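Notes for the one structure printed next.
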Amino acid sequence: QVQLVESGGGLVQAGGSLRLSCAASGRTFSNYAMGWFRQAPGKEREFAAAISWSGGSTYYADSVKGRFTISRNNAKNTVYLQMNSLKPEDTAVYYCAAVLAYESSWPPRRYDYWGRGTQVTVSS
């Protein structure tokens, strides 16, 4: 089992920035590919970004490409999502997720472990 806890959400004005963090515990963090997802009110959860176990590969949804950056620090068991040039449509609960890298394709098509999420609200 991997436990994931997100933090760093909050209220920000359009054009601003936030950095989300996701702390992992329970298993060897570097064995896992990680992803960030988001779910806006009344909408389905959608993929935002993914990062390979080493950090050497990243993958983004078109809606966030060029504005968001995913990174990880395996020594700190943490994955990050730097969000710049935020828009009101980025308002959502943001979740991090994990999947064993050797059990997954790239980019991953499924994730086995999920955090509880952190709220991001972007005001216009």
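What you see is a predicted model; the values in this text were computed from it and never measured.
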I want to check a possible cation-pi pair here: Arg72 against Trp53, using under 6.0 Å from ring centre and within 45° of the ring axis as the test.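 No cation-pi geometry.
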
NZ or CZ of Arg109 within 45° of Phe47 ring axis and under 6.0 Å: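 No, Arg109 does not sit over the ring of Phe47.
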
Atom of [X], atom of [Y] and distance for their closest heavy-atom approach:
{"X": "Thr58", "Y": "Tyr60", "result": "OG1-CE1, 3.6 Å"}
{"X": "Ser30", "Y": "Asn74", "result": "CB-ND2, 3.5 Å"}
{"X": "Ser52", "Y": "Trp106", "result": "N-CH2, 3.4 Å"}
{"X": "Thr78", "Y": "Lys76", "result": "OG1-O, 2.8 Å"}

Linked, directly or transitively: [X] and [Y] (ILVMFWY side chains, under 4.5 Å):
{"X": "Val2", "Y": "Val99", "value": "no"}
{"X": "Leu81", "Y": "Tyr113", "value": "yes"}
{"X": "Leu100", "Y": "Phe29", "value": "yes"}
{"X": "Tyr80", "Y": "Val64", "value": "no"}

Side-chain contact, heavy-atom cut-off 4.5 Å: [X] with [Y]?
{"X": "Phe68", "Y": "Asp90", "answer": "yes"}
{"X": "Tyr32", "Y": "Leu4", "answer": "no"}
{"X": "Tyr59", "Y": "Ile70", "answer": "no"}
{"X": "Arg27", "Y": "Gln3", "answer": "no"}
{"X": "Val120", "Y": "Leu20", "answer": "yes"}

Could you tell me whether the side chain of Ser105 and the main chain of Pro107 form a donor-acceptor pair under 3.5 Å? yes

So, Ser104 side chain and Ala101 main chain: donor-acceptor pair closer than 3.5 Å or not?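 No.
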
Side-chain polar contacts of residues 6-18 - donor-acceptor pairs under 3.5 angstrom, sequence neighbours left out - could you list them?
unit_1, atom_1, unit_2, atom_2, d
Glu6, OE1, Arg116, N, 3.1
Glu6, OE1, Gly117, N, 2.9
Glu6, OE2, Cys96, N, 2.9
Glu6, OE2, Gly117, N, 3.2
Ser17, OG, Asn84, OD1, 2.9

ring-ring contact (aromatic ring centres under 6.0 Å, His included) partner of Phe37, the single match among Tyr94, Tyr111, Tyr95: Tyr111

Would you call Asp62-Lys65 a salt bridge at under 4.0 Å N-O? yes

Euclidean distance, Gln1 CD relative to Ser25 OG, rounded to 0.5 Å: 10.5 Å

For Arg38 and Glu44, what are the C-alpha separation, side-chain angles and deciding distance, and is it a salt bridge (charged side-chain N to carboxylate O under 4.0 Å, His left out)? CA-CA 9 Å; Arg38 64 187 185 181; Glu44 293 187 354; over 6 Å; no

Are Ile51 and Trp36 close enough, and set up right, to give a side-chain contact (heavy atoms from CB on, under 4.5 Å), and what steps lead you there? CA-CA 9 Å; Ile51 189 165; Trp36 284 97; over 6 Å; no

How far apart are the C-alpha atoms of Arg45 and Val93, what are their side-chain angles, what is the distance that settles it, and do they pass the side-chain contact (heavy atoms from CB on, under 4.5 Å) test? CA-CA 9 Å; Arg45 186 173 60 193; Val93 177; over 6 Å; no

Please identify each residue that fulfils salt bridge (Lys or Arg N to Asp or Glu O under 4.0 Å) with Glu89, with sequence neighbours left out. none

